[in-house]
Amino acid sequence: MSDTAALLALNQRLLDAIMSADWRTYTELCAADLTAFEPEACGQLVEGLAFHRIYFDVPLHSGRRQATMASPRVRFLGEAAIVTYVRVNQVEAEGGVQSHAFEETRVWHKTESGWKHVHFHRSRIH
Ligand code: GLY
């Protein structure tokens with residue numbers, strides 16, 4: 001598997017953990033000092049994992065959910081990698097399946113214990 005394919009597989013594993021509310025896998029893949037901009041943070045840069053935990057403890061949806069990376073790109077910068085894509089979330093809802101799209105950038109850092117997710121930025125596409 002190429003380095004690019006490996007990073008995409010790792011990033012998809014992270015998205016799958018988010019979509020299935022798998023906190024254990026999420027914390028394995030993320031640095032403890034993860035930083036993030038995301039719509040849920042209302043314009044604030046959040047640091048650490050505590051902010052994200054509520055979404056795993058109180059999942060917004062109980063039905064089937066999946067996240068797809070569309071047109072992904074991986075850029076390696078020494079011991080770091082930047083993964084960019086449009087994320088399409090499909091969520092089971094009353095009356096069918098709803099889709100929502102987001103521009104997403106995730107930064108990974110190669111450490112002695114493997115790749116760790118250190119920063120992300122997600123913007124909703126309206
Ligand atoms: N909201 C958690 C994440 O996207 O990593």
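As a basis for the values below, the full set of heavy atoms in this structure was taken, side chains included, without hydrogen atoms, waters or symmetry mates. Just follow the structure's listing: the first ligand is 1, and inside any ligand the first atom is 1.
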For the side chain of E38 and the backbone of G43, is there at least one donor-acceptor N/O pair under 3.5 Å apart? no
Do we see a donor-acceptor contact under 3.5 Å between the side chains of H119 and R106? no
Testing the 3.5 Å rule here: is there a donor-acceptor pair between the side chains of Q90 and H100? no
Those residues at least two apart in sequence (or on a different chain) that pass ring pair (Phe, Tyr, Trp, His ring centres under 6.0 Å) with H121 are F37
Does anything in residues 70-81 form a side-chain hydrogen bond (donor to acceptor under 3.5 Å, both in side chains)? List the pairs, not counting sequence neighbours. none
Between the protein and ligand 1, which nitrogen or oxygen pairs come in under 3.5 Å, and how far apart is each?
| from | atom 1 | to | atom 2 | distance (Å) |
| --- | --- | --- | --- | --- |
| ligand 1 | 1 (N) | E38 | OE1 | 2.9 |
| ligand 1 | 4 (O) | R106 | NH2 | 2.7 |
| ligand 1 | 4 (O) | R122 | NH1 | 3.0 |
| ligand 1 | 5 (O) | Y26 | OH | 2.7 |
| ligand 1 | 5 (O) | R106 | NH1 | 3.1 |
| ligand 1 | 5 (O) | R106 | NH2 | 3.4 |

Through direct or indirect side-chain contacts below 4.5 angstrom among Ile, Leu, Val, Met, Phe, Trp and Tyr, which residues connect to L34? L7, L8, L10, L14, L15, I18, W23, Y26, L29, L49, F56, M69, V74, F76, V83, Y85, W108, W115, F120
